[in-house]
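Single-structure report; data block below.
Residue numbers begin at 1 in each chain, while the letters A, B, ... track the order of the sequences.
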There are 2 protein chains.
Amino acid sequence: MKLTRQGHAFTEIVLETFKFSGLLTTEGDRITQIYGLSSARWKIIGALERSDTALTVPQIARVMGQSRQAVQRLVDSMHKEGLLVFIDNPKHKRAKLISLAIDGKKVYTTLQQQQVPWANKHSSEIDEKELEITLATLKKLSEKFAL
Amino acid sequence: MKLTRQGHAFTEIVLETFKFSGLLTTEGDRITQIYGLSSARWKIIGALERSDTALTVPQIARVMGQSRQAVQRLVDSMHKEGLLVFIDNPKHKRAKLISLAIDGKKVYTTLQQQQVPWANKHSSEIDEKELEITLATLKKLSEKFAL
DNA sequence: AAATATATGACAAGGTGTTGTCAAATGTTT
DNA sequence: AAACATTTGACAACACCTTGTCATATATTT
């Protein structure tokens, strides 16, 4: 069987996604380093901040496309550090709801102040329409493998 | 400072890239499992196959957007398993050139036979033009953080 | 209501990744 | 040529992630 034109583009996108993800992780580790954070922890904070309600660990995992165990480990560690708070979940005795603690919000705000100019800078030369198409396409593709 | 429209789209792309990368890694692990491989090892093989010449470890790392140490560990392990061969590099005494061994090529071919229909299937419903734009945009963005 | 299936937290093992350090090889400057 | 800087392999420490397993909580079926 041969690759269709779309199949070829898709394959290239997959490889470029791996590369970009790796580069972004390194960049995120660099940015968050002085606050004692990391890319992985920043993503947890971001997922919580972007949600209008508090989330359980498995919910965060689904949003991030990762295993619940990986998220659980980070959440427990960040809770111990005082970045997160556990809220009793009326719908489940064990599955607590996770929310940002005061410290977590502070760190998020500080990082946000760096993230905004960073995002603006790296996207300024690229056509907005193309960015929108890229985002929509990535979302479509992600859906096909959603957990 | 506020996010520009492009900055906002860029931010969403970053998050979706992390998610997609995680989902793809899980999928790749699943596909390669029965051949004793993994996503990480498949990517090494793919990088070598896509290059017209044999590559050194740091070269593979740059193509993949990862640290040379991570690649070195995988390459050494795969060499021990007989998937890769080391070729003397006339330009450098220590930095061997890496190439696929017979076994490595065999595995690659087998996996390729699965990857092609897989790529065709997951990309068939998406407009080719949009896929091309997505690929080009991801490449542009990756370049900004290249090692 | 009881039985069964699914979801969740806790824990562990192993693969993957970054960072740091050191010595050797290579490249550059003077 | 010598001094200095960069690149590379080797090794180690640690962070991150997936998978597997078990007990408990919740949801579904009968």
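Atom CD in B/Gln66 sits roughly 18 Å away from atom C1' in D/dT8 (whole-Å rounding). For A/Arg41 and D/dC17, the CZ to C1' distance is 13 Å, given to the nearest whole Å. Atom pair B/Leu24:CG and D/dC17:C1' shows a separation of 15 Å (rounding to whole Å applied). Regarding B/Ile60, its CD1 atom lies at a distance of 16 Å from the C1' atom of C/dT16, rounded to whole Å. Residue A/Leu74 contributes atom CG, which lies 6 Å from atom P of D/dC16 at whole-angstrom precision. Atom CZ in B/Phe86 sits about 9 Å away from atom P in D/dG9, given to the nearest Å. To the nearest angstrom, P of C/dG15 lies 16 Å from NZ of B/Lys43. Nucleotide D/dC16 holds its C1' atom 14 Å from the CG atom of A/Leu37, rounded to whole Å.
Here the side chain of B/Ser67 is nearest to one of D/dA15, D/dT8, C/dT19, namely C/dT19. Counting only heavy atoms from C-beta on, A/Arg73 has its side chain closest to D/dC17 among C/dG9, C/dG17, D/dC17.
Comparing B/Ser77 and A/Gln72 along DNA chain C, the residue whose closest nucleotide (by nearest heavy atom) sits nearer the 5' end is A/Gln72. A residue-by-residue look at B/Arg68 and A/Thr56 shows that A/Thr56 has its nearest nucleotide of DNA chain C further toward the 5' end. Comparing A/His92 and A/Ser38 by the nucleotide of DNA chain D that holds the closest heavy atom to each, the one mapping nearer the 5' end is A/Ser38. In terms of position on DNA chain D, the residue among B/Gln59 and A/Ala70 whose nearest nucleotide sits closer to the 5' end is B/Gln59.
Scanning atom types as modelled, no donor and acceptor separated by under 3.5 angstrom connect the side chain of B/Gln69 and the base of C/dG17.
Side-chain N/O atoms of B/Gln113 and B/Tyr108 include no donor and acceptor closer than 3.5 Å. No hydrogens or angles considered: a donor-acceptor pair under 3.5 Å links the side chains of A/Thr11 and B/Gln115. Between the side chains of A/Ser123 and B/Arg5, no donor-acceptor pair of N or O atoms lies under 3.5 Å.
Once rounded to the nearest 0.5 Å, the distance linking CG of A/Leu84 with NE2 of A/His79 reads 7.5 Å.
Salt bridge A/Glu12/B/Arg50: present, at least one basic N to carboxylate O contact under 4.0 Å.
You'll find the ring centres of B/Trp118 and A/Phe10 inside the 6.0 Å limit.
Taking a pair as Watson-Crick or G-U wobble with both distances under 3.5 Å, DNA chain C forms stems of 3 or more consecutive pairs at C:1-30 with D:1-30.
OP1 or OP2 of D/dC16 has not a single side-chain nitrogen or oxygen of A/Thr25 nearer than 4.0 Å.
When the shell of 6.0 Å around NZ of A/Lys140 is examined, it contains more than 12 heavy atoms from other residues, nucleotides or ligands.
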